[in-house]
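To keep things clear, I will list the structure first and then write my remarks on it.
Starting from 1, each residue takes its place in the sequence as its number. Indexing begins at 1, ligand by ligand and atom by atom, following the structure's order.
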Amino acid sequence: MTVQLPEPLNLIGGSWVPAQSGRTLDVVAPSTGKVFTTIAASGASDIDAAVSSARHAFEEGAWGRMSAVQRGRIMIRISELITRDAEELAQVESLDTGKPISQARADMVAAARYFEFYGAAADKVHGEHIPFMQGYDVKVVREPHGVTGHIIPWNYPAQMVGRTLAPALAMGNATIMKPAEEACLTVLMIGKLAMEAGMPAGAINIVTGEGHVAGAALSEHPGIDFISFTGSPEVGVIIQTNAAKNFIGCTLELGGKSPQIVFEDADLDRVLPVLAGAIVQNGGQTCSAGSRALIQRSIWDKVVGRLAERFKELTAAPSEQDRELGALISGKQRDRVQAFISGTDSPLIARGKVATGSPEDGFYVAPALFGPCDPQSTLAQVEVFGPVLAAIPFDDEKEAIRIANGTEFGLVAGVWTLDGNRQQRVAKALRCGQVFINGYGAGGGIELPFGGRRKSGHGREKGFAALHEFSTIKTIVHNHG
Ligand code: NAI
Ligand code: MG
């Protein structure tokens, strides 16, 4: 199919405009390493314009006056339009990110689902009434923050629009999105669909550009009331520092080093495909990637042997070949992942392949399985953000929990055992935001609150929890005598 790529423009106040400087940035296709289009390289003045437009939409424009049910209907229309254009969006997403086409198609199902879920929820968030002293009437109402900033990464651009903008819009905030410079074309395309769906001017502003320029200007801006960030811990610190200077709240989703714990009584036929799948999904460039496999020593040889067989088959290839992995996002990311692979002292157990004939300048990395890894080693502690699985042996439940909790991160974990009491004990003991028992990941899991602890960040996305993050409560006390 021939796709139409978006122009290098920002969406500000309902209009598509170039960066005020007129500058653009080249966009590279990871599968080939070649430049194929450009985006606007925005600066502080573009962010200023977007913040003013959002403020106007919230305080004086049509958006701020809309009822929750009207907001919800527009969002459900966006969901329908994403579904209508899903194939074109998926083609652009796989071109822009290098991911296999079927993974990009699944991303569009999730992106549409976010707008459906939060569109339907918009008019279902109620306040409370508090019994108080005689003569008083007290209600607690939930209100939008006002203008919200959103900075997202390149790994799931379309899904991230849904994940972060949809709950903010459902609550009635006016939004400014700064997507990642590496991949943001579907973000612009969804912006266009939002306008087609009848989204009032200024409710969604999209400003593209570099993180340290446009992203920094947004996170520092005194005109925003809340900021949502997904990306690296290093930038998360900058975001939170800037939020502190403006005395506003933020949510940070900063990745992880998520363990899957395999006990000796686990159903291995179910475990093995999921162990491999959770690290090769999106080439391992997933915040919730299952990047540590904790395996009970009594079944180590059996599990690692079978996992090695699987790893040898895993192949990275151009996105249209739709193998298990595509290219990684950039040369920088490929080099970073390669440096982890060549720099480790942990033994290499098995390595997958890069398909022969893949473009030489594409950013391909063959997946790698290492082990036994020392729980304190780099591969067992640092987020690689690539297709590298660290296998770590343990002797008993206590040790498994200690190793699982023994990193700075705490996002997701998987527990594989058929012992019901152990399932509960371990789930309770894990320090993270989501635990899967006899499974891992949940195909988007829009309904399920998601987020981290410590270096994985704080605040919750998805589910009703996100509606709470993107709103604040006001207590109204009426003394009617
Ligand atoms: P990054 O944190 O630099 O980029 C994420 C977003 O933040 C992008 O939109 C970027 O433009 C923006 N940004 C960058 N610097 C900024 C600044 N000073 N102020 C405001 N916004 C800024 O992540 P990067 O460099 O793309 O990847 C580095 C590592 O971060 C990866 O290897 C991975 O470990 C981690 N990461 C985690 C993600 C997750 O989903 N949790 C997503 C992307 C990266
Ligand atoms: Mg960076």
Side-chain angles (χ1 to χ4, degrees), residues 25 27-28 30 39-44 47 96-97 99 107 149-157 159-161 163-164 176-185 187 206-221 224 227-243 245-246 250-258 279 281-289 291 328-340 363 365 378-379 381-388 407-412 433 450-459 461-462:
L25 295 173
V27 182
V28 172
I39 53 169
S42 311
I47 292 288
D96 204 12
T97 61
K99 68 176 71 186
D107 286 358
H150 304 256
I151 298 179
I152 61 167
W154 37 261
N155 48 354
Y156 294 89
Q159 275 211 54
M160 288 301 311
V161 177
R163 187 163 118 190
T164 165
I176 300 134
M177 157 69 69
K178 207 303 282 176
E181 53 273 47
E182 292 86 351
C184 62
L185 299 177
V187 178
I206 303 171
V207 183
T208 63
E210 292 162 299
H212 65 281
V213 184
L218 178 58
S219 78
E220 287 165 3
H221 205 289
I224 59 171
I227 188 155
S228 155
F229 173 76
T230 302
S232 61
E234 294 71 26
V235 177
V237 171
I238 298 174
I239 302 294
Q240 181 149 345
T241 304
N242 288 336
K245 288 180 184 159
N246 281 325
C250 63
T251 53
L252 303 177
E253 201 274 87
L254 309 177
K257 195 73 201 178
S258 298
I279 190 64
Q281 157 72 26
N282 213 40
Q285 304 165 115
T286 302
C287 46
S288 55
S291 51
L328 301 187
I329 189 69
S330 62
K332 181 185 114 183
Q333 207 59 24
R334 176 202 52 203
D335 295 347
R336 180 186 141 95
V337 174
Q338 287 289 13
F340 279 110
F363 310 128
V365 174
T378 304
L379 279 192
Q381 289 287 327
V382 180
E383 183 178 52
V384 174
F385 227 58
V388 179
T407 75
E408 293 178 283
F409 296 98
L411 193 60
V412 177
F450 172 78
R453 298 206 201 167
R454 301 300 299 264
K455 203 172 179 179
S456 291
H458 55 73
E461 301 185 280
K462 305 190 177 184

Exercise for the section: Identify whether NZ of Lys or CZ of Arg in Lys99 sits under 6.0 Å from the centre of the six-membered ring of Tyr156 and within 45° of that ring's axis. Expected result: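 Judged by the rule, Lys99 and Tyr156 form a cation-pi pair.
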Using a 4.0 Å heavy-atom threshold (strictly under), name the region of [X] that reaches ligand 1: side chain, backbone, both or neither.
X	value
Asn155	side chain
Lys332	side chain
Ala214	neither
Arg336	side chain
Thr286	neither
Gln333	side chain

Practice task
State, with a plain yes or no, whether a side-chain heavy atom of Leu411 is found less than 4.5 Å away from one of Glu253.
Solution key: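 Counting from C-beta outward, Leu411 and Glu253 do come under 4.5 Å.
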Handout entry: salt_bridge(Glu383, Lys257) N-O dist < 4.0 Å
Key = no
Exercise for the section: Compute the minimum heavy-atom distance from Pro179 to ligand 1 and say whether it is under 4.0 Å. Expected result: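 Yes, Pro179 has heavy atoms under 4.0 Å from ligand 1.
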Practice task
Could you tell me whether ligand 1 has any atom less than 4.0 Å away from a heavy atom of Tyr156?
Solution key: no
Problem - Winner among Gly255, Gly149, Ala289, Pro153 once heavy atoms are compared against atom 41 (N) of ligand 1 - result: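 Looking at heavy atoms only, the winner is Gly255.
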